[in-house]
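Here's the structure, in structure tokens; my notes come after.
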Amino acid sequence: MEEKRNRPSEDNTHVTASPVSNFIRFIIDNDLASGKHCKIITRFPPEPNGYLHIGHAKSFCLNFGLALDHQGICHLRFDDTNPEAEDMEYVDSIMADVKWLGFDWQNKLFYASNYFDQLYEYAEYLITTGKAYVCDQSPEEVREYLGTLTRPGINSPYRDRSCEENLDLFRRMKAGEFEEGTKSLRARIDMASPNLNMRDPVLYRIKKSSHHRTGDKWVIYPMYDYTHCISDALEGITHSICTLEFEDHRPLYDWILDQLPVPCHPRQIEFARLNLSYTVMSKRKLLELVQGKYVSGWDDPRMPTLAGMRRRGYTPEAIREFSDRIGVAKANSIVDYKLLQFCLREDLNKKARRAMAVLDPLKITIENYPQDLIEELEAENNPEDPQAGTRKLLFSREIYIEKEDFMEHPPKGWFRLSPDNEVRLKHAYYIKLKEIVRDEQGNIQSLVCTYDPDSKGGWTNDARKVKGTLHWVSCNHAIPIEVRLYEQLFTAYDPMETEEGKDYKDYLNPESLMVKPICYAEPSLLLAKPQEKFQFLRLGYFIVDSDSTRDHKVFNRIVTLKDSWNKTQKKS
Ligand code: ATP
Ligand code: MG
């Protein structure tokens, strides 16, 4: 059967004609050119102990992307060796997220737990070849004997047990005869190694917990370092790409494979993790935010999880583009979230239908507009995409504009509505201020304006210059909507760089969510579909949130139109 390529199931916008080169690509190209491999196999190995975040997306865009570009294949493997933290909910969410980003593992779905029998056999093999022993030290004693970077470790008193004794004890560990923490299986390497990972690392520990896939079959579970390299070898992975913190584990990865009759010896290659400014990116911390109810869930639109970003309105294309642009490096750094927003705006600008909504309404009565007249005005759906067509807007005597688009005493250079400035209502008419209506305290309540009937569509034949263009909705036709505006979840550039006595949670941004329960939008938005995205003119990009019902629409602001919004506002 012909093997299909792992290609994104949607369009292939991220598949560039000549992918940007990087050191990993270089290694792969060489391995193919030299004939070391005729086909490459990569893998993405998440632990199902939380939802995936944008950092994982970088990892799987890289792994699936490299496979795709070299006619290879990428496996999805759940690294499920830690039964307490893992759950099927996470397995399902991870598969949904990888698919959402457009990648396809075809029939190459694996679980490390599928290899438990084989891993166990290999462990007995290590015992019989004198490369592993059962140690009775408690975890605390193991740590004590480990030594430090400047002090060598001390051999465990159990290190020289005979093969027979080790085998017997290991089998009895498997049979459940011993309590947690009383025994472990350790590799016999070198307690004086300058690399702490090589000082007789634990390979198996006793854990009497149920596993989400193997149930109660096992009471001993293999450690990550032992499991990972063997899983890679069993699947015939050619290039095992992981993050920098595993660089010091590479000698152990290689040592284990060198001791065993495994079918192949994959090459581990490390690259720098993605860190994003103003956010945290560890599943443990994200779980803490969810459990502590600092956010509404894993899919809170402020979360850096893919579920959160999807709900917020991020597109797979924008995330893939971002992942391509940041490239692959060997040194850890923090990427500015503004780059991600840039990729997002570029994509949404092409796709999002335009609409008008007013978030802070100020009512205007157009005095010279006929009482009962309702006009239908033509508006383009997307100037970037003529195929998107046009729609009808309803215009009438009473409209809402944005409160901040009017100033009674404006500074110099103000082009929006003021006692002296005539402005254009987008797709409609020019209007001029006639009168300010105030309440008893003197606060502005509404405005009375006049319009120029000869400016229909937003232009006139004379040489009149009208610089400001405002968005608006017709009071009698607008629908009320709820709008949620977001800022970054943290106030610190790097919330992990804490001051003395502080915790990353101390940097949570109290203003990261602002709910506006009553805003007004043009009536066409009543028909907006779940997750449909719009550009609300001058306000940014918005998505229909999953909290919406048929009659009550909730919109999340995905991102504002520009970074330098305040600057351009003064000019508009
Ligand atoms: P976290 O520290 O966020 O909990 P993890 O490394 O424990 O993440 P895994 O499920 O083990 O999460 O990760 C699966 C894969 O994703 C691994 O290959 C890991 O190296 C990679 N990965 C995790 N975080 C990032 C990141 N921020 N940038 C790039 N790759 C990442
Ligand atoms: Mg991990």
Side-chain angles (χ1 to χ4, degrees), residues 22 24 41-67 74-82 84-87 89-95 97-98 101 103 105 110-113 212 223-225 227-229 231-232 235 237 239-250 253 266-291 298 303-309 319-320 322-337 339-340 494-496 504:
N22 59 53
I24 301 180
I41 307 180
T42 57
R43 87 284 170 269
F44 174 59
E47 183 182 354
N49 62 347
Y51 280 59
L52 295 184
H53 51 61
I54 176 85
H56 296 113
K58 170 173 177 175
S59 171
F60 69 78
C61 285
L62 179 66
N63 277 296
F64 278 95
L66 284 167
C74 179
H75 296 184
L76 174 62
R77 182 199 313 139
F78 288 100
D79 165 31
D80 55 352
T81 51
N82 191 10
E84 280 137 5
E86 295 161 8
D87 199 281
E89 176 197 348
Y90 299 136
V91 169
D92 293 340
S93 76
I94 288 171
M95 293 203 274
D97 286 345
V98 174
L101 267 188
F103 295 107
W105 55 87
F110 301 96
Y111 294 84
S113 54
H212 66 103
M223 300 300 286
Y224 174 85
D225 279 332
T227 310
H228 194 75
C229 53
S231 307
D232 280 350
E235 290 174 20
I237 302 299
H239 300 85
S240 176
I241 300 162
C242 62
T243 35
L244 277 186
E245 69 273 22
F246 291 105
E247 198 166 20
D248 290 345
H249 296 238
R250 186 174 356 116
Y253 184 104
R267 173 165 179 189
Q268 177 179 307
I269 307 170
E270 308 85 16
F271 71 100
R273 278 181 169 254
L274 165 66
N275 297 298
L276 257 195
S277 59
Y278 298 98
T279 193
V280 295
M281 203 96 88
S282 121
K283 278 184 279 186
R284 207 171 52 75
K285 302 234 159 35
L286 298 177
L287 178 66
E288 209 176 318
L289 294 179
V290 172
Q291 287 179 335
W298 284 102
M303 289 280 270
T305 53
L306 295 175
M309 293 173 74
I319 295 173
R320 294 196 304 242
F322 171 72
S323 167
D324 280 354
R325 275 177 187 254
I326 53 178
V328 190
K330 260 291 192 191
N332 280 316
S333 64
I334 297 183
V335 175
D336 199 323
Y337 75 90
L339 178 60
L340 183 56
D494 179 4
M496 300 308 291
Y504 73 100

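In each ligand, atom 1 is the first atom listed, and ligand 1 is the first ligand listed.
Under the 3.5 Å distance criterion, the side-chain polar atoms of T42 are left unmatched by any main-chain donor or acceptor of H239.
At a heavy-atom distance under 4.0 Å, only side-chain atoms of F44, from C-beta outward, approach ligand 1.
H228 and Y224 have parallel rings, their planes meeting at less than 30° on a 0 to 90° scale where 60° marks the start of perpendicular. Ring geometry for H75 against F110 counts as tilted: the plane angle lies between 30° and 60°, on a 0 to 90° scale.
Residue L274 has at least one nitrogen or oxygen atom sitting less than 3.5 Å from a nitrogen or oxygen atom of ligand 1, judged on distance alone. Between R43 and ligand 1, no pair of N/O atoms sits closer than 3.5 Å. Checked against a 3.5 angstrom limit, the closest N/O atoms of N49 and ligand 1 fall outside it.
Under a 4.0 Å criterion applied to the non-hydrogen atoms of K283, ligand 1 contributes the atoms 1 (P), 3 (O), 4 (O), 8 (O), 9 (P), 10 (O), 12 (O). Atoms of ligand 1 lying under 4.0 Å from any heavy atom of M281, numbered from 1 in the order shown and given with element: 3 (O). Taking a cut-off of under 4.0 Å to the non-hydrogen atoms of E47, the atoms of ligand 1 that pass are 9 (P), 10 (O). Close contacts between ligand 1 and T243 involve ligand atoms 19 (C), 20 (O), 29 (C), 30 (N), 31 (C) [criterion: under 4.0 Å to a heavy atom].
Between the choices H53, K58, H56, the shortest heavy-atom distance to atom 13 (O) of ligand 1 belongs to H56. In the candidate list A57, P46, G55, P48, G55 is nearest to atom 30 (N) of ligand 1, counting heavy atoms. Remark: among candidates H228, R77, R273, the nearest residue to atom 2 (O) of ligand 1 is R273, based on non-hydrogen atoms. When the heavy atoms of S323, G50, S59 are ranked by distance to atom 21 (C) of ligand 1, first place goes to S59.
Distance check, rounded to the nearest 0.5 Å: CG of L76 to CE of M95 gives 7.5 Å.
Contact check on E270 versus R250 returns a salt bridge, with a Lys/Arg side-chain nitrogen under 4.0 Å from an Asp/Glu carboxylate oxygen.
Tested against M281, the residues I334, T305, L274 include a single side chain to side chain contact (heavy atoms under 4.5 Å, CB included) partner, L274.
The shortest distance between side-chain heavy atoms of F271 and I241 falls below 4.5 Å.
Here the two rings, on H249 and Y253, have centers that are 6.0 Å apart or farther.
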